[in-house]
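Count residues from 1 along the sequence. When reading the values below, keep in mind they use all heavy atoms of this one structure, side chains included, and skip hydrogens, waters and symmetry mates. Note that the structure is predicted; figures quoted are calculated from it, not measured.
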Amino acid sequence: MCAKPLIEPRIETGKAMLVAGFRQQHGPQETERDIQRQWRRLWPYLGSLPNQVGNVTYGLLCDDDRDSTADYMCAVEVDGFAGLPPELDRMRIPRQTYAVFQHDGDVTTLQDTRHSIWHDWFPQSGFNAASTPDLERYGELFDPASGEGDMEIWIPIKS
């Protein structure tokens with residue numbers, strides 16, 4: 001893991017959201033290829049889900065112990081759970097304050113940015129982590145084929 005220089009984050013209050021997608025537990029030996037497979041399961045649903053809001057996608061890091069396992073959900077925002085295919089997982093994200101970091105580079109270096117956030121920025125920030133999922137926000141300009149473009153990491157904080 002290499003340290004990645006960070007641009008100072010913006011602090012933003014994220015809205016409460018409903019999301020739907022696929023949630024899976026990943027162990028320490030699993031690779032980014034496993035998460036890519038998870039995203040490929042979601043791709044056929046994108047744009048055709050009932051109640052889908054926009055074209056932004058999210059990676060939600062839930063129950064991360066930072067050393068061994070984490071639950072990861074790839075998802076889209078929906079304005080209701082009714083009518084969703086039964087195989088999709090659902091989650092409610094509360095209104096939350098976040099430190100929002102721009103990620104430059106391709107998706108394969110997200111872990112480097114996360115490492116810099118937790119090991120460099122967080123200890124000096126004066127903030128504490130909140131107990132809600134970290135969000136990877138893939139904006140409308142993100143290109144899944146190249147793994148590059150509009151990416152942000154939203155870390156839930158409390159002061």
- [ ] Test Trp39 against every option in Tyr138, Phe142, Phe22 by the ring-ring contact (aromatic ring centres under 6.0 Å, His included) rule and name the one that passes.
- [x] Tyr138

- [ ] Find out if a path of hydrophobic residues (ILVMFWY) with successive side-chain heavy-atom gaps under 4.5 Å connects Val76 to Val107.
- [x] yes

Open item on the list: Would the distance check show the side chain of Arg137 and the main-chain N or O of Asp150 forming a donor-acceptor pair, the cut-off being under 3.5 Å?
Closed with: no

Task: Validation row: Val56, Glu140 side chains within 4.5 angstrom (heavy atoms) - done: yes

Open item on the list: If you apply the rule side chain to side chain contact (heavy atoms under 4.5 Å, CB included), what do you find for Leu60 with Ile93, and how did you get there?
Closed with: CA-CA 10 Å; Leu60 293 87; Ile93 306 296; 3.2 Å; yes

TODO: Look up atom CD in Gln24 and atom OH in Tyr72, then write down how far apart they are to the nearest 0.5 Å.
DONE: 11.0 Å

Open item on the list: Test of understanding: clusters of I, L, V, M, F, W, Y form through side-chain heavy atoms closer than 4.5 Å, transitively. Do Met151 and Ile153 belong to the same one?
Closed with: yes

- [ ] Evaluate the criterion side chain to side chain contact (heavy atoms under 4.5 Å, CB included) for residue pair Gln96 and Thr13; output intermediate values, then yes/no.
- [x] CA-CA 6 Å; Gln96 174 66 52; Thr13 300; over 6 Å; no

Task: Salt-bridge criterion met for Arg41 and Glu87 (N-O under 4.0 Å) - done: no

TODO: Mind listing the closest non-hydrogen atom pair of Tyr98 and Pro133 along with its distance?
DONE: CE2-O, 4.1 Å

Open item on the list: For the backbone of Gln111 and the side chain of His115, can you confirm whether one donor and one acceptor N or O come within less than 3.5 Å of each other?
Closed with: no

- [ ] Find out whether Thr132 and Trp154 are in side-chain contact, i.e. whether some heavy atom of one side chain is under 4.5 Å from a heavy atom of the other.
- [x] no

Task: Nearest non-hydrogen partners of Leu88 and Ala20, listed with the distance - done: CD1-CB, 4.5 Å

- [ ] Determine whether Thr97 and Lys158 make a side-chain contact, defined as any pair of heavy atoms from C-beta on separated by less than 4.5 Å.
- [x] no

- [ ] Could you tell me whether the side chain of Ile157 reaches within less than 4.5 Å of the side chain of Ile11, counting heavy atoms only?
- [x] yes

- [ ] Classify the angle between the aromatic ring planes of Trp121 and Phe127 as parallel (below 30°), tilted (30 to 60°) or perpendicular (above 60°).
- [x] parallel

Task: Leu49 side chain near Leu84 side chain, heavy-atom distance below 4.5 Å - done: yes

Open item on the list: Could you check whether any side-chain N or O of Asn51 sits under 3.5 Å from a backbone N or O of Gly80, counting only pairs where one atom can act as donor and the other as acceptor?
Closed with: yes

- [ ] Test Asp134 against Trp118 for side chain to side chain contact (heavy atoms under 4.5 Å, CB included), laying out the working first.
- [x] CA-CA 12 Å; Asp134 298 0; Trp118 288 102; 3.8 Å; yes

TODO: Enter the distance from Asp89:CG to Cys62:SG here, rounded to the nearest 0.5 Å.
DONE: 10.0 Å

Task: Phe101 side chain near Ile155 side chain, heavy-atom distance below 4.5 Å - done: yes

- [ ] Give, for atom CG of Asp112 and atom CD1 of Ile117, the distance between the pair rounded to the nearest 0.5 Å.
- [x] 11.0 Å

TODO: Indicate, with yes or no, if Leu61 and Met91 share a hydrophobic cluster defined by side-chain heavy-atom contacts under 4.5 Å among Ile, Leu, Val, Met, Phe, Trp and Tyr.
DONE: no

Task: Close side-chain approach of Asp143 and Ser146, heavy atoms under 4.5 Å - done: yes

Open item on the list: With a 4.0 Å cut-off on N to O distance, would you call Lys15 and Glu77 a salt bridge?
Closed with: yes

Task: Thr109 OG1 to Glu148 CD distance, which is reported to the nearest 0.5 Å - done: 8.5 Å

TODO: To the nearest 0.5 Å, tell me how far Asp106 CG sits from His103 NE2.
DONE: 6.5 Å

TODO: Verify, without hydrogens or angle tests, whether Gln52 (side chain) and Gly47 (backbone) share a donor-acceptor contact under 3.5 angstrom.
DONE: yes

Open item on the list: Hydrophobic clusters here meaning ILVMFWY residues chained together by side-chain heavy-atom distances under 4.5 Å, can you tell me if Leu18 and Leu135 are in one?
Closed with: no

Open item on the list: Does any part of the side chain of Ile7, heavy atoms only, come nearer than 4.5 Å to the side chain of Asp104, both counted from C-beta?
Closed with: yes

Open item on the list: Before you tell me yes or no, could you show the steps for Val19 and Arg90 under side chain to side chain contact (heavy atoms under 4.5 Å, CB included), namely the whole-Å CA-CA distance, both residues' side-chain angles and the distance that decides it to 0.1 Å?
Closed with: CA-CA 6 Å; Val19 296; Arg90 295 138 171 86; over 6 Å; no

TODO: With rounding to the nearest 0.5 Å, note down the distance linking CZ in Arg92 to CE in Met17.
DONE: 13.0 Å

Open item on the list: Would a single hydrophobic cluster contain both Trp43 and Met73, if residues Ile, Leu, Val, Met, Phe, Trp and Tyr are joined by side-chain heavy-atom contacts under 4.5 Å?
Closed with: no

